[in-house]
**Q** 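Take a look at this one; I'll ask things after.
Numbered from 1 within each chain, the chains take letters A, B, ... in sequence-line order.
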There are 2 protein chains.
Amino acid sequence: MSTLGYALLSLLTRGPATGYELTRRMKRPIGHFWVANHSQIYPELARLTEAGHVEVHEEAGPGPRAKKTYTITGSGRRALAEWLPQPPAFTPRSEVALKAYAVGAADPARMAVLYEEVAADALAKAAVFERELGELEDDPGHPNFGNYAALRLGIESQRGLSAWASWLASRLRKYAGEHDGAD
Amino acid sequence: MSTLGYALLSLLTRGPATGYELTRRMKRPIGHFWVANHSQIYPELARLTEAGHVEVHEEAGPGPRAKKTYTITGSGRRALAEWLPQPPAFTPRSEVALKAYAVGAADPARMAVLYEEVAADALAKAAVFERELGELEDDPGHPNFGNYAALRLGIESQRGLSAWASWLASRLRKYAGEHDGAD
DNA sequence: ATTTTCATGTAATCTGTTACATGATTAC
DNA sequence: GTAATCATGTAACAGATTACATGAAAAT
């Protein structure tokens, strides 16, 4: 099964939902860490249904097609519980880091502006996460502890990114100041 | 142009290379932040050549085909210099965070083991980056400053990840201790 | 009246992974 | 002699993005 399948099962542990609702749930807070759009979600839900990991309840919908509400099954819960403790796959693909690697190929003053923006954006994101965190409990027994744990990772990451971007921006600013007009 | 194209141009700012060599250069240190395999790289080099961003020099190769050495052109440098200061795209897709979000659906003792491993792996990675950093200069004027900057981001990220994973592991350990046998 | 929300799907395209395929040279 | 390294490609498949397509109900 694909990671998206597990992501949908994870969302369905919070309660039954339609494909439309899952598309929205993919945004807050899980969308900060995993994104998918409806054109990916609908076919994946069909696959999960065929595999017996979810069950569908159909009703008359607002549009031309039936509204389908999905519920996670025992088989779905078991599949999720087996996948979770396995070492997470990590495919490094960070455009921020890639641009840093190539930073010498661009104008340092312009790159300083970029990293000042990156630092500010990261702090703003951290603040958003912080606000969301305030509504949750730091208790592994609470059903929303997963949201809490994921948000804490987000805050940690964004703060680290902001600190790094500030450092790089100041280095580039200083260098640009020392070398402008002279080259 | 795709991000992979810019990644290859970035590598070529460090000097001419064959597709084979670029495949290896994609590993240390850039591969910590951006990965690609040769089956992606060869067609992309053909596209870059057609676009005029790189130039090819052909020689007799060890195998049945000619060995091709690629050099970045002025057009390639310009394309790279224009791309770099633009806000980096960020597609959140973190399996670690996704698993944290669903942590309540698995056995807490097993998940504690997972996050202890994640914490240890992250520290090990940070140590590798640290060693690579030792050979580089903290000076924007130095041609390898990009490597330095990227590695510092890697160290920052891995340390943050490790701290977070340790926190989560201890929370889960404590919870598992309080609740084992009782459920 | 127009826009947003709810609701579901398909098609085309792009990107990325895994596997297949060839063959010389060098190291063990 | 066997394995690793150097070197380049293609094909099949999987995963993700953008665009196309429909239509009711509610809000502005």
**Q** Can you find a side chain N or O atom of A/Y42 that sits less than 4.0 Å from OP1 or OP2 on C/dT8?
**A**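 True: A/Y42 side-chain N/O within range (under 4.0 Å) of C/dT8 OP1/OP2.
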
**Q** Which whole-number value in Å describes the distance from A/R24 CZ to C/dA7 C1'?
**A**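 A/R24 atom CZ is separated from C/dA7 atom C1' by 11 Å.
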
**Q** For B/E21 and D/dG9, what is the distance between atoms CD and C1' respectively, to the nearest whole Å?
**A**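 Interatomic distance, CD of B/E21 to C1' of D/dG9: 18 Å.
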
**Q** Please state how far atom CG in A/L8 lies from atom P in D/dG15, giving the value in whole angstrom units.
**A**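 Answer to the nearest Å: 13 Å.
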
**Q** Indicate yes or no: at least one non-hydrogen side-chain atom of B/S10 is less than 4.5 angstrom from one of B/L80.
**A**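 They are in side-chain contact.
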
**Q** Quick one: closest heavy-atom pair of B/R14 and A/A102, and the distance?
**A**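 It is NH1-CA, 4.2 Å.
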
**Q** Using side-chain heavy atoms (C-beta onward) and a distance below 4.5 Å, is A/E55 in contact with A/T49?
**A**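 The answer is no; the side chains never approach within 4.5 Å.
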
**Q** For A/Y42, check ring-ring contact (aromatic ring centres under 6.0 Å, His included) against everything at least two apart and list the hits.
**A**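 A/Y42 satisfies ring-ring contact (aromatic ring centres under 6.0 Å, His included) with A/H38 only.
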
**Q** Send over the distance from A/I41 CD1 to C/dT10 P, rounded to a whole Å.
**A**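 Checked: the CD1 to P distance equals 15 Å.
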
**Q** When the distance from CG of B/L22 to P of D/dG9 is rounded to whole Å, what number comes out?
**A**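 The answer, rounded to whole Å, is 12 Å.
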
**Q** Which nucleotides of nucleotides 15-26 of chain C have their base under 4.0 Å from a protein heavy atom (B), which only their sugar-phosphate (S), and which neither (-), written as one string 5' to 3'?
**A** SSBBB--BBB--

**Q** What's the CD-P distance between B/E59 and D/dC6, to the nearest Å?
**A**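 After rounding, the reported distance stands at 15 Å.
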
**Q** Taking only N and O in the side chain of B/K68, is any of them less than 4.0 Å away from OP1 or OP2 of D/dG9?
**A**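 True: B/K68 side-chain N/O within range (under 4.0 Å) of D/dG9 OP1/OP2.
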
**Q** What pairs meet the side chain to side chain donor-acceptor pair (under 3.5 Å) rule with one or both residues in residues 61-86 of chain A, with sequence neighbours excluded?
**A**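 Checked against side chain to side chain donor-acceptor pair (under 3.5 Å) - neighbours excluded - the pairs reaching residues 61-86 of chain A are A/H53-A/S75.
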
**Q** Whole Å only: how far is the CG atom of A/L45 from the C1' atom of C/dT10?
**A**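 Rounding to the nearest Å, CG of A/L45 and C1' of C/dT10 are 16 Å apart.
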
**Q** Please find the pair of heavy atoms, one from B/P92 and one from A/H32, that lie closest to each other, and give the distance.
**A**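 Result for this residue pair: CB-O, 3.1 Å.
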
**Q** Quick one: is C/dT8 close enough that its OP1 or OP2 comes under 4.0 Å of any side-chain N or O from A/Y20?
**A**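 No.
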
